Amino acid sequence: MASEALLLADIDAFFADSHVLHRVSFRCGEGRLLGLLGRNGAGKTTSMNVTVGVLPPRRGRVEIYGAAVAGRSPEAIAAQGVALVPQGRRIFRSLSVRENLAVAARKPRGGLPLLWTLDTVFATFPRLQERRDQYAGTLSGGEQQMLAIGRALMSNPRVLLMDEPSEGLAPQIVAEVMATIRRLKEQGLSIVLVEQNAKLVFDVADDIVILNSGRVVIDATAAELKSAGTDLHQHLGIY
Amino acid sequence: MNISLLLAANSIAFGGLLFLLSAGFSLIFGLMRIPNLTHGSLFMLGAYFGVSLIALGLGFWPAAIVAAFGVAVFGGLVERLLLRRLPGAELAQVLVTLGLSFMIADFSLMWWGGDPISIDTPRALRGATFVAGLGFPTYRIAVIMIAVIVAAALWALLDWTRLGAMIRAGVDDPEMARIVGIRVSRLFTIVFSLGAGLAGFAGVIGGPILSVYPGLDQDMLPLALVVVILGGSGSLIGSFIGSFVVAFLYNFGQAMLPELAYVVLFLPMLVVLVVRPEGLFGRAAP
């Protein structure tokens, strides 16, 4: 089953004593875009933390292209080709824009051609090039989001995780971010897009997983959900 | 020669030495948040290593470099085997490093004895150099030059290399740095070793000026502390300027108010701590 870019199976995860993920399972197929939806506190960000190795699961499997990575260090999981655009962006504020990108640079696995370099990231985000020598902490919110995406791309990932990339951005910037996500998908990147805003996700996602209180309540293709007219409000709240 | 001019010249040389000592202390404290109370011991250990290496027939400079390397390895082991297990536990780190400094002091007393040992000034740097008609000890001018070169090299390493950017990223947000794939723990070992090695190097370089004796560690540690608190932890420029400020305070305080030398030294530190706790050049905690 090498066509699974990312697989989470039967994940149980805890913060101290509180049980936050209950047997969570979902998968992202190669070249597909999985939309991960749910209310605040549903376990979306926790699932991302489990995937990148920041929160080792107490039980269950995490696989990247078939390689088991649950319990391994974040560095080792990054080396498997996983990159995260984290919630809140978390750029390195005291580094320049160029340094933020440079520290994340990595060759793609298996001798694939080098897709993302400083030059190609700057070509994709011209604003970053204009500000390349500025401290990242001085960028606007939208620019910081571009930088967080650019930083993730610099590692030439096989699986890109994006945790609420639209959060706190003006509508016009959100549209830019979504256009970027579409382009990345067209290039064949496997993407997990975490969002509270269901509408954004339905526009781009192939598959949808909805979490509620740390459990998977819906796992279907976007097309199925649309044609079935499933009422998602009970899981997502009203937008 | 005017006494205060002589004091000033000595202060500048002592400031250079203090910078070599405290740059590492500042990096370790500022970047890794580890209050490394063995730092004075690493200085003393470097000096004693230098003494032994010179006794074995090594020249002064090779001895200084080998001693620095030895102390760097020792520091790396301390970080890997002890401090690594106490992340974020500052009280535990203080106690472990303090205990270790007592152990190093005991061990040194046993191995090198209780008498002060002087290290000879390298032959080429004996005597005085005349600048504007005034004679300055050549060796002390060399110490100042070494401090300036080390400061420039450290600055270049931290600000201009990818390794330096990775270290700073690891300080900004260690968890995110690891997610990006940076091996933060290995970088921290490098930083700790580098800081330890600089302290050891400073110990040998300081030998001809201070000589080596039991208690040298506890004489040097407070000076490094004051430098870093005045200058701001993690700030190289802060350590550099702080070193010279402290050297002046220390030398002039001892000469003019010998009974109150420590008051002259520590009072400015107290004031800075109360008024500007991040130090003169430090960044406020986010």
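Just so you know, these numbers come straight off a predicted model, no measurement behind them. Here is how names work: the chains are called A, B, and so on, in the same order as the sequence lines, proteins then strands, and each is numbered from 1.
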Report summary line: In terms of heavy-atom pairs under 4.5 Å with chain A, the winner among B/Met176, B/Glu175, B/Arg168 is B/Met176
Query raised in the report: Do A/Ser96 and A/Asp133 have a side chain donor and acceptor closer than 3.5 Å?
Result: no
Query raised in the report: So, for B/Phe244 and B/Phe240, is the gap between ring centers shorter than 6.0 Å?
Result: yes
**Report entry** Among B/Arg162, B/Arg178, B/Met166, residue most engaged with chain A (heavy-atom pairs, under 4.5 Å)
**Finding:** B/Arg178
Query - Portion of A/Arg106 that has a non-hydrogen atom of chain B nearer than 4.5 angstrom - result: side chain
Report task. Measure A/Ala104 against the heavy atoms of chain B and call it side chain, backbone, both or neither at under 4.5 Å. Result -> both
Report task. Kindly compute the distance separating CG (B/Leu198) from CG (B/Leu154), expressed to the nearest 0.5 Å. Result -> 5.5 Å
Query raised in the report: For the atom pair CD (A/Glu164) and CG (A/Asn40), what is the distance rounded to the nearest 0.5 Å?
Result: 7.0 Å
Report summary line: Among B/Leu163, B/Asp159, B/Ile179, the residue with the most heavy-atom pairs under 4.5 Å to chain A is B/Ile179
Query - Pick from A/Leu84, A/Asn100, A/Val103 with the largest number of heavy-atom pairs that fall under 4.5 Å of chain B - result: A/Val103
Query raised in the report: What is the distance from atom CD of A/Glu167 to atom CG of A/Asn197, rounded to the nearest 0.5 Å?
Result: 11.5 Å
Query raised in the report: What part of A/Ala76 lies closer than 4.5 angstrom to a heavy atom of chain B: side chain, backbone, both or neither?
Result: neither
**Report entry** Rounded distance [0.5 Å steps], CG in B/Leu42 versus CZ in B/Phe25
**Finding:** 10.5 Å
